[in-house]
Amino acid sequence: MLNSKGFDLWADGYDKSVGMSDEDGTYPFAGYKQILNVIYNKVLTSKSYTVLDIGFGTATLTAKLYEQGCHIWGQDFSGRMVELAKEKMPEAQLFQGDFSKGLVDELKHNRYDAIIATYSLHHLSDEQKIHFIKKILPLLQDGGCLYIGDVMFETRTELERQKALIGWEWDDEEFYFAVDEMMKFIPQVKYEKYSFCAGLLSIKG
């Protein structure tokens, strides 16, 4: 798993490496841009003006929402990612912190129309994911929605099948979603598939 220093070093080339994988339709970022576009449209269509982004990286998505007048709050554990995001969104409220240990205090006392986590929660174990999601759902405004775009598979069986096919390139230090298992703990999850290795979970508050 990349630590915060690793992400600091990767930050400046992050968008390029992600884009190459997405365009080639390869693991792990096949479907990435489509998922971000879908979330962007869902947020704006639902008039979600206050948005919390968890693990915002270089703000590829939230910078676009910021340009549309959304009020952006966010947390990322890479100081360099925070710097890059602030250049794009100078008025956004962005904080550095390891979300595997929870949200920073400044983010816990607000309520949001939308909460976004794109390609970030796979750094949490399956147990940590469930705990974290249940912790942040109460931060949604009535009618708000949590959007999770990430590497995910419909079942654990499919996850293991793809792991075998992908072979040595599979990252054993990341924990990908098995949607059927997630639904046992959070039954209101809605799942949309966008590639062989990526999808979108939507959870209403």
Point to revise | Over all atoms of both residues, closest heavy-atom pair of E169 and Y27 | key: O-CE2, 3.3 Å
**Study point:** Ring geometry between F77 and F99 (parallel below 30°, tilted from 30 to 60°, perpendicular above 60°)
**Key:** tilted
Review point. Would you say the side chain of Q162 lies within less than 4.5 Å of the side chain of F196, judging by non-hydrogen atoms?
Key: yes
Quiz: residues 64-73 side-chain donor-acceptor pairs under 3.5 angstrom, not counting sequence neighbours:
from, atom 1, to, atom 2, distance (Å)
Y66, OH, E91, N, 3.0

**Study point:** Value rounded to 0.5 Å, distance of CD1 in I116 from CG in L146
**Key:** 9.5 Å
Exercise for review: Take E174 and Y176 through the side-chain hydrogen bond (donor to acceptor under 3.5 Å, both in side chains) test and state the conclusion after the steps.
Suggested key: CA-CA 6 Å; E174 295 182 345; Y176 301 132; 2.6 Å; yes
Study note, to complete from the structure: Sorted by chain and number, sequence neighbours left out, salt bridge (charged side-chain N to carboxylate O under 4.0 Å, His left out) with E154 holds for K193
Review point. Got a sec, which residues hit side-chain contact (heavy atoms from CB on, under 4.5 Å) with L103, two or more places apart in sequence or on another chain?
Key: L52, I54, Q75, L107, K108, F132, I136, L139
Review point. When rounded to the nearest 0.5 angstrom, what is the spacing between NE2 in H123 and CG in D98?
Key: 10.0 Å
Check your understanding: Are L36 and V38 grouped together when hydrophobic residues (ILVMFWY) are joined by side-chain heavy atoms under 4.5 angstrom apart?
Key -> yes
Practice item. Kindly write out the residues that satisfy side-chain contact (heavy atoms from CB on, under 4.5 Å) with R156, not counting sequence neighbours, or none if the list is empty. Key: D126, L159, E160, A178, E181
Exercise for review: Taking K129 for its side chain and L124 for its backbone only, find out whether a donor-acceptor pair lies under 3.5 Å.
Suggested key: yes
**Study point:** Shortest non-hydrogen contact from S202 toward C145
**Key:** CB-SG, 4.0 Å
**Study point:** Donor-acceptor pair, side chain of S46 and main chain of V43, under 3.5 angstrom
**Key:** yes
**Study point:** Short side-chain to backbone donor-acceptor contact, Q128 and S125, under 3.5 Å
**Key:** yes
Review point. Roughly how far apart are E106 CD and L94 CG, rounded to 0.5 Å?
Key: 11.5 Å
Point to revise | Separation of I39 CD1 from S48 OG (nearest 0.5 Å) | key: 11.5 Å
Exercise for review: May I ask you to decide if the ring planes of Y119 and F29 are parallel, tilted or perpendicular, using 30° and 60° as cut-offs?
Suggested key: tilted
Practice item. Can you run down the salt bridge (Lys or Arg N to Asp or Glu O under 4.0 Å) pairs that involve residues 38-55, sequence neighbours left out, and say none if there aren't any? Key: K42-E192
Review point. Where is the tightest heavy-atom contact between G79 and Q96, given as atom of each residue plus distance?
Key: N-NE2, 3.3 Å
**Study point:** ILVMFWY cluster, I35 and Y40 together (side-chain gap under 4.5 Å)
**Key:** yes
Review point. Between D76 and V82, is there a donor-acceptor pair closer than 3.5 Å when you use the side chain of the first and the backbone of the second?
Key: no
**Study point:** H122 side, atom NE2; F175 side, atom CZ - distance, nearest 0.5 Å
**Key:** 10.5 Å
Practice item. Can you see which heavy atom on A30 is nearest to which on S195, and at what distance? Key: O-OG, 2.7 Å
Exercise for review: Please name the pair of heavy atoms, one in V179 and one in M152, separated by the smallest distance, quoted to 0.1 Å.
Suggested key: CG2-SD, 4.1 Å
Practice item. Could I get the full list of side-chain contact (heavy atoms from CB on, under 4.5 Å) partners for T155, not counting sequence neighbours? Key: T157, E158, D180
**Study point:** Atom pair CD1/CZ of I148 and F177 - distance to nearest 0.5 Å
**Key:** 4.5 Å
Review point. So which heavy atom on V189 is nearest to which on M183, and how close?
Key: O-CE, 3.6 Å
Review point. So, S120 side chain and G55 main chain: donor-acceptor pair closer than 3.5 Å or not?
Key: no
